Amino acid sequence: KFMTKEEIKARVAEENVEFIRVTFTDVLGTIKNVEVPTSQLDKVLNNDLMFDGSSIEGFVRINESDMYLYPDLSTFLIFPWATDGHGGKVARLIADVYNKDRTPFAGDPRIALKKAVKHAQKQGFTEFNIGPEPEFFLFKLDEEGKPTMELNDHGSYFDLAPLDRGEDVRREIVLTLEKMGFEVEAAHHEVAAGQHEVDFRYDDVLDAADKIQTFKLVVKTIARENGYYATFMPKPISGINGSGMHINMSLFNENGNAFAGQDDDYLGLSDTALNFLGGVLKHAPALTAIANPTVNSYKRLTPGFEAPVYIAWSASNRSPMVRVPASRGLATRLELRTVDPTTNPYTCLAAILSAGLDGIEQHLEPTASVDKNIYLMDENERKKAGIKNLPDTLLDALEELEEDNVIIDAIGTHIIDKFTEAKRIEYTSYRQYVSKWELDNYFMNY
Ligand code: ADP
Ligand code: MG
Ligand code: MG
Ligand code: MG
Ligand code: MG
């Protein structure tokens with residue numbers, strides 16, 4: 001997939017590309033871009049494109065604001081949708097952010113993920129494979145193109161048309177993704193009305209993180225073209241399932257899937273897999289702040305809606321935080337079910353990888369697996385089984401993150417400080433807001 005500068009220039013000329021969009025992700029997970037006309041392509045390819053870092057959330061102060069974008073040439077693609085009336089196309093490149101003195105910028109989440117990948121390579125792993133399962137809701141747009149709270153259908157899990165009117169939009173999303181190099185394995189209606197899931201084949205972690213960002217852009221773009229608004233907000237409607245982004249993961253080495261054990265191993269899992277799991281469970285509270293970074297994330301992590309609430313794992317049921325899917329061999333994997341699509345995929349995957357690698361280094365054994373439905377256990381039974389709760393607010397999760405040096409070291413203090421500062425402000429603003437629920441419950445009673 002790697003392209004040389006010359007190959008990129010040739011494609012740009014052949015395909016009548018008029019603009020080059022160089023994108024990166026800020027600390028909070030938002031995609032940013034600098035768009036230049038194709039006349040500037042040489043500058044872009046030679047790492048000479050500058051931008052003002054002080055205008056980006058969590059980046060740098062005004063007095064150190066000039067930064068460079070170093071595009072990753074393997075991420076070149078031409079957007080398959082029309083952008084204007086005269087046939088000109090837009091291409092994109094995903095970039096790493098460099099300081100004015102041409103050193104890698106410590107506040108770039110993509111660079112943090114690359115650092116975690118190096119750590120895994122030092123332990124002999126060649127790939128950290130990630131298969132994400134992002135979910136989203138489709139709402140109708142009104143005549144002025146503004147999103148409404150009206151869902152696009154009343155369908156449910158695996159329902160077929162005509163109930164599932166999201167099907168046409170979803171099909172177009174899938175076709176667009178395929179044009180952009182995604183291998184879509186499945187796309188289906190989810191449990192809630194208006195809710196959908198698209199699963200694409202696993203990739204090595206950096207590619208997977210880039211794909212998650214591209215995926216969100218594609219879903220939002222195609223939805224809008226069809227008169228819908230796509231949201232990745234975890235819990236847009238109370239009382240029905242929220243949207244998660246399960247993360248399927250496995251470490252590979254030169255011999256193949258390092259999570260796959262021998263037939264007589266416990267659950268057919270290798271020690272590598274069990275220790276990785278031990279690390280993920282140990283660091284779960286801190287991971288939650290990164291995997292579930294909004295106030296709204298915690299409204300999804302509540303009992304009764306298929307989302308995890310407890311720090312536990314199982315090979316036999318779907319309720320816990322980590323599930324071991326039944327497939328073995330190449331598909332042996334762990335599925336982390338807490339993550340939601342508001343996460344920054346770069347820092348999230350860096351944090352998960354570092355948690356798992358810590359488990360491998362420290363030979364951490366996972367707690368006993370829980371094969372009962374945890375939601376049917378009472379608090380005492382859970383206590384006896386050693387099952388702890390996940391943090392239940394953003395504030396609790398942030399406090400856990402601030403105490404976890406493995407995760408802090410993995411992502412770097414620059415990003416963690418900017419992230420926790422912004423998120424504490426977000427939490428305080430939420431805490432000060434008087435909601436409809438409070439008025440409904442207190443106004444007439446006091
Ligand atoms: P679920 O049963 O939870 O709905 P899906 O079938 O929707 O799971 O998604 C499974 C995901 O796991 C896919 O993205 C798939 O490519 C991915 N996957 C398969 N094998 C591996 C592996 N070895 N490592 C990581 N991900 C994998
Ligand atoms: Mg799925
Ligand atoms: Mg499935
Ligand atoms: Mg799902
Ligand atoms: Mg799943």
Side-chain angles (χ1 to χ4, degrees), residues 117 120 125-138 155-159 164 166 170 173-174 177-178 181-212 214-215 219 230 232 234-236 240-261 267-270 272-273 276-277 280 300-301 305-308 313-341 345 348-349 352-353 356:
V117 166
F125 299 111
T126 51
E127 277 157 63
F128 182 42
N129 284 314
I130 297 298
E133 302 175 59
E135 295 170 336
F136 56 91
F137 279 87
L138 292 176
S156 188
Y157 198 63
F158 287 145
D159 270 351
D164 180 1
R170 207 173 53 234
I173 289 170
V174 169
L177 290 168
E178 285 183 330
F182 284 70
E183 191 179 318
V184 177
E185 289 186 339
H188 58 84
H189 203 288
E190 258 302 338
V191 172
Q195 193 187 26
H196 305 270
E197 175 177 314
V198 177
D199 307 318
F200 39 95
R201 187 184 176 276
Y202 67 85
D203 258 307
D204 198 10
V205 62
L206 187 64
D207 263 354
D210 287 343
K211 281 205 165 95
I212 290 167
T214 306
F215 175 81
V219 170
F232 290 95
K235 192 89 170 184
I240 62 174
N241 277 17
S243 294
M245 183 170 68
H246 298 169
I247 296 292
N248 293 270
M249 55 200 175
S250 61
L251 280 168
F252 277 42
N253 59 24
E254 281 163 358
N255 304 318
N257 190 337
F259 279 6
L267 294 173
L269 295 175
S270 66
T272 301
F276 191 98
L277 172 58
V280 168
R300 168 176 165 264
L301 301 175
F305 299 101
E306 296 182 35
W313 71 283
S314 177
S316 66
N317 76 56
R318 280 176 177 259
S319 56
M321 181 183 111
V322 180
R323 179 172 74 103
V324 185
S327 327
R328 289 292 173 269
L330 212 58
T332 308
R333 61 186 190 265
L334 301 173
E335 180 191 33
L336 180 61
R337 304 174 68 263
T338 38
V339 185
D340 74 53
C348 181
L349 294 171
I352 296 169
L353 177 55

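Keep in mind that this is a model prediction, so the values were computed, not measured. Both ligands and their constituent atoms are indexed starting at 1 by order of listing.
The side chain to side chain donor-acceptor pair (under 3.5 Å) test with S243 singles out one residue from E135, Q195, R300, and that residue is Q195.
Remark: ligand 1 and I130 share no N or O pair separated by less than 3.5 Å (distance only, no angle test). The distance criterion of under 3.5 Å between nitrogen or oxygen atoms is not met by H246 with respect to ligand 1. Where the criterion is an N or O separation shorter than 3.5 Å, residue side chain and backbone included, L330 meets it with respect to ligand 1.
Nearest heavy-atom pair, L353 versus F276, reported as atom, atom and distance to 0.1 Å: O-CE1, 4.1 Å.
The nearest non-hydrogen atom to atom 15 (C) of ligand 1, considering only E185, E183, E335, comes from E185. Of the listed residues (G131, S250, P132, A187), the one carrying the non-hydrogen atom nearest atom 24 (N) of ligand 1 is S250.
The shortest separation from a heavy atom of F200 to ligand 1 is under 4.0 Å, placing the residue in contact.
Contacts of T332 with ligand 1, taken as heavy-atom pairs under 4.0 Å, involve the backbone alone. Of all the heavy atoms of D199, the ones lying under 4.0 Å from any atom of ligand 1 belong exclusively to the side chain.
Every residue two or more places apart in sequence or in another chain was checked for a salt bridge (Lys or Arg N to Asp or Glu O under 4.0 Å) with R328, and none qualifies. In terms of the side chain to side chain contact (heavy atoms under 4.5 Å, CB included) criterion, residue partners of N257 (sequence neighbours excluded) are, by chain and number, S250, F252, F259, A260, T332.
A 4.5 Å side-chain heavy-atom check between M245 and F232 finds every atom pair outside the cut-off.
Near R201, with a cut-off below 4.0 Å to any heavy atom, the atoms of ligand 1 are 16 (O).
The Mg ion (ligand 2) forms the vertex of an angle spanning OE2 of E197 and OE1 of E133; to the nearest 10 degrees it equals 100°.
Not a single donor-acceptor pair under 3.5 Å links the side chain of T338 to the backbone N or O of M321.
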